[in-house]
Amino acid sequence: MEALKESVDTSRVNFKQKPRRSSNLVETITQRFETMMHGKHLPGHTRSDSSPSYEIRLAKSVSDDDVHDLESQLKRQSSSDKMDLERESDSIKRALTDIYRTAKMLHNFSIMNYTGFVKIAKKFDKTFPDHKGIFKGNICDDGHQAEKLADRMERIYSKWFCDGDIREAQAQLLSKRGDGLMMDWTQLRLGYRLGMCSILALWVAWDCVWGQFSKGQVSIGGRSAFPVFRGCFGLLAWHWFWGMSVYVWSRYRINYIYLFEFDPRNVDTPIDIFNDAVDETFVFLVSMLMYYKADAHDMPLWIPPRAYPLFLICYTIKCLIFPWRMRRPMWMAIKQVFLAPFVSPTFFLVYVGDVFTSMVKVFQDLLWTVCFVASGDWILSEEEHEENNNVHTWTQTFWYKNVAIPLVCLFPLWLRFNQCLRRYLDTGKRFPNLANAFKYALSQSVTLFGTFHPLYLMNRGEEHTISLVDDDGQSGNLVFGNTKRSNTFQFFWMGLFVSSSLYSYCWDVYMDWGLGRREASCHYPRVCSIDGISISISPSFHFVLSMDISDLV
């Protein structure tokens, strides 16, 4: 960098200035012509002769074509000088930008290592109190040198290319969409495959709708294996949402790697996540389309229709496991979430627990898929199911309706409940940990009452029948019952449901979003600062706030 700085004199070089053309074209042409002559002058005269006769004879010896050729060469030379200067300027820009971004990445990596070292040192002090404080001091680098290098690149860039404006230099140095340093063919390949998936999605939707209305066939939603595709689609949608979240965090420079305590070596970029999601979407749509076409006898049955759901299940399991180096942190986090009472919940573990509470329907479909494969129903075709009249008889059994399904609904809430209790044990703070645990306890109560006292039992009171006979000998039955008990339960269940929903909604708005709290420093309706991060409250923010009412159902 010192050699680079010395090679360019900032007092004499201005990269924004364009090369100047000569004001006296005739003089320049004459000088250039003399240079090209290489000492071949008119007889009897020297190059230093400046007499009028020499100038006249020299001008007469140059034809109009020669003047035109020399003028063209001069223009090309001027354009070439300009292009060379622009290339050199662009090369220096790229070098400074590359050094700046590398320094920023090194600084982030140093901060993460420094934070990890501090945590290890605190754990050491607790485990070995006799040696407490042995690691105090500047033992581990906190990234100060990398930060100084980045600041130096900002000053040099602003001085050379931004007229000393440091903010403009920072804006140009940071990576942004369409940056020449970040351009490659990855985005083109992603867009091409995304277009293929869009066409396949339209094809599947059209065949389902057209087949149902024109031919009277049952759409894909009425097929016996449809919950298999629905469960796999839930996992696929989660993969897409994760990619979108990572893209937004990266776009607005939120250091999620540091917040989630990820290993930077095992973190995919948004483009990599979208590439994987597009491949999985392509396989999912092809499997669904082939299954629907084969089951509707619209294509040769070279492969039986029941093979496509099984293939999709195997492919989904493969994507959840491999590559193991990238999937291992996910499974380790899930394991720690399951051991919530015995593991102190980190920020990422709490995030995973919240995601689980939103995936109850997906978990139900995955349970259905496991039973579908284990029972052997995937072997039977649609016609065999209709002939035997035994379409998934296991769905009506006690263990599935009253045991497995309630457990799947309660398990995510139970995990978050345990995380809140463990958080209370670690911090000793009743609020907000116990209040948050009470929220999940209410949600579990609603689920339990809804499972063991379904709605159809509300009108089943104690019934009494009295036989009546009229004068013509016609008999009839008068049925009356006591609905006081069912009405009492209905009022109790509805009250519990409304209370739990309103409690959850108020908690999300007041505690999680920080709206209305003084310590959150919210100044309605312009700017809101939550945990030190200032955000603007836009109409879209109000829309999301109003849509959070969906938690009530």
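Starting from 1, each residue takes its place in the sequence as its number. Scope of the values below: all heavy atoms of this structure, side chains included, with no hydrogens, waters or symmetry mates.
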- line: Note: Y440 and R416 closest approach over all heavy atoms is OH-NE, 3.2 Å

- prompt: Parallel under 30°, tilted from 30 to 60°, perpendicular over 60°: which one fits the rings of F348 and W242?
  reply: perpendicular

statement: Tightest non-hydrogen contact, residues R327 and C319, listed as NE-O, 2.8 Å

query: Under the 3.5 angstrom rule, does the side chain of N436 hit a backbone N or O of P432 as a donor-acceptor pair?
result: no

task: Indicate the atoms forming the closest heavy-atom contact of K361 with R230, along with that distance.
output: NZ-NH2, 4.2 Å

query: With side chains defined as the heavy atoms from C-beta onward, is the minimum distance between S250 and Y256 less than 4.5 Å?
result: yes

message: One pair to check against side-chain contact (heavy atoms from CB on, under 4.5 Å): V278 and C197. What are the steps and the verdict?
response: CA-CA 7 Å; V278 166; C197 292; 3.9 Å; yes

query: Side chains of N113 and F109: closer than 4.5 Å at any heavy-atom pair?
result: yes

message: Please determine whether side-chain contact (heavy atoms from CB on, under 4.5 Å) holds for the pair D268 and V246, giving the CA-CA distance in whole Å, both sets of side-chain angles, and the decisive distance to 0.1 Å.
response: CA-CA 9 Å; D268 286 333; V246 172; over 6 Å; no

query: Would you say R422's side chain and F342's backbone share a donor-acceptor pair under 3.5 angstrom?
result: yes

message: Atom CZ of residue position R423 - does it have more than 12 heavy atoms of other residues, nucleotides or ligands inside 6.0 Å?
response: no

task: Check the angle between the aromatic planes of W507 and Y503 and answer parallel, tilted or perpendicular using the 30° and 60° thresholds.
output: parallel

Pair W238 and F241, ring centroids less than 6.0 Å apart: no

- request: Show your working on side-chain contact (heavy atoms from CB on, under 4.5 Å) between V248 and R251 and close with a plain yes or no.
  value: CA-CA 5 Å; V248 171; R251 178 69 177 82; 5.5 Å; no

- request: Taking all non-hydrogen atoms of both residues into account, name the closest pair between Q419 and A340 and its distance.
  value: CG-CB, 3.7 Å

message: Name the residue from Q170, R167, Q172 that meets the side chain to side chain donor-acceptor pair (under 3.5 Å) definition with E154.
response: Q170

task: Report the relative orientation of the aromatic rings in Y247 and F274; use parallel for angles under 30°, tilted for 30 to 60°, perpendicular for over 60°.
output: tilted

message: For a quick check under 3.5 Å, do T281 and W240 share a side-chain donor-acceptor pair by atom type?
response: yes

task: Give a yes or no on this: more than 12 heavy atoms of other residues, nucleotides or ligands lie within 6.0 Å of atom OH of Y192.
output: no

field: More than 12 heavy atoms of other groups within 6.0 Å of R328 CZ
entry: no

- prompt: Please walk me through it: do F411 and F356 pass ring pair (Phe, Tyr, Trp, His ring centres under 6.0 Å)?
  reply: CA-CA 9 Å; F411 192 61; F356 279 177; 8.2 Å; no

task: Compare all side-chain heavy atoms of F417 with those of Q444 and state whether any distance is below 4.5 angstrom.
output: yes

field: Minimum heavy-atom distance between A169 and S158, given as atom pair plus value
entry: CB-CB, 3.6 Å

task: Start with the C-alpha gap between I257 and L259, add the side-chain angles, then the distance that decides, and say whether side-chain contact (heavy atoms from CB on, under 4.5 Å) holds.
output: CA-CA 6 Å; I257 299 178; L259 294 176; over 6 Å; no

query: Just by modelled atom types, is the D354 backbone N or O under 3.5 Å from a matching donor or acceptor in the T357 side chain?
result: yes

message: Under 4.0 Å between a side-chain nitrogen and a carboxylate oxygen: does that hold for E261 and K119?
response: yes

query: Heavy atoms, side chains only, cut-off 4.5 Å: are S89 and F161 in contact?
result: yes

- request: Using a strict 4.0 Å threshold on nitrogen-to-oxygen distance, state whether D151 and R155 make a salt bridge.
  value: no

- prompt: Going by distance alone, is a donor N or O of one side chain under 3.5 Å from an acceptor N or O of the other, for D426 and S344?
  reply: yes

query: Hey, what do you get for CE (M288) to CG (L312), rounding to the nearest 0.5 Å?
result: 8.0 Å

query: Do other residues, nucleotides or ligands put more than 12 heavy atoms under 6.0 Å from M330 CE?
result: yes

- prompt: Do D98 and R94 sit within salt-bridge range, that is, some charged N less than 4.0 Å from a carboxylate O?
  reply: no

message: Looking at every non-hydrogen atom in both residues, tell me the closest pair between L285 and A201 and how far apart they are.
response: CD1-N, 3.7 Å

task: Taking the side chain as every heavy atom from C-beta outward, state whether M359 and P412 have any pair of such atoms under 4.5 Å apart.
output: no

message: Between Y315 and F284, is the ring centroid distance below 6.0 Å?
response: no

- request: State whether the side chain of N255 and the backbone N or O of Y258 hold a donor-acceptor pair below 3.5 Å, judged by distance alone.
  value: yes

Y351/F260 aromatic ring centres below 6.0 Å: yes

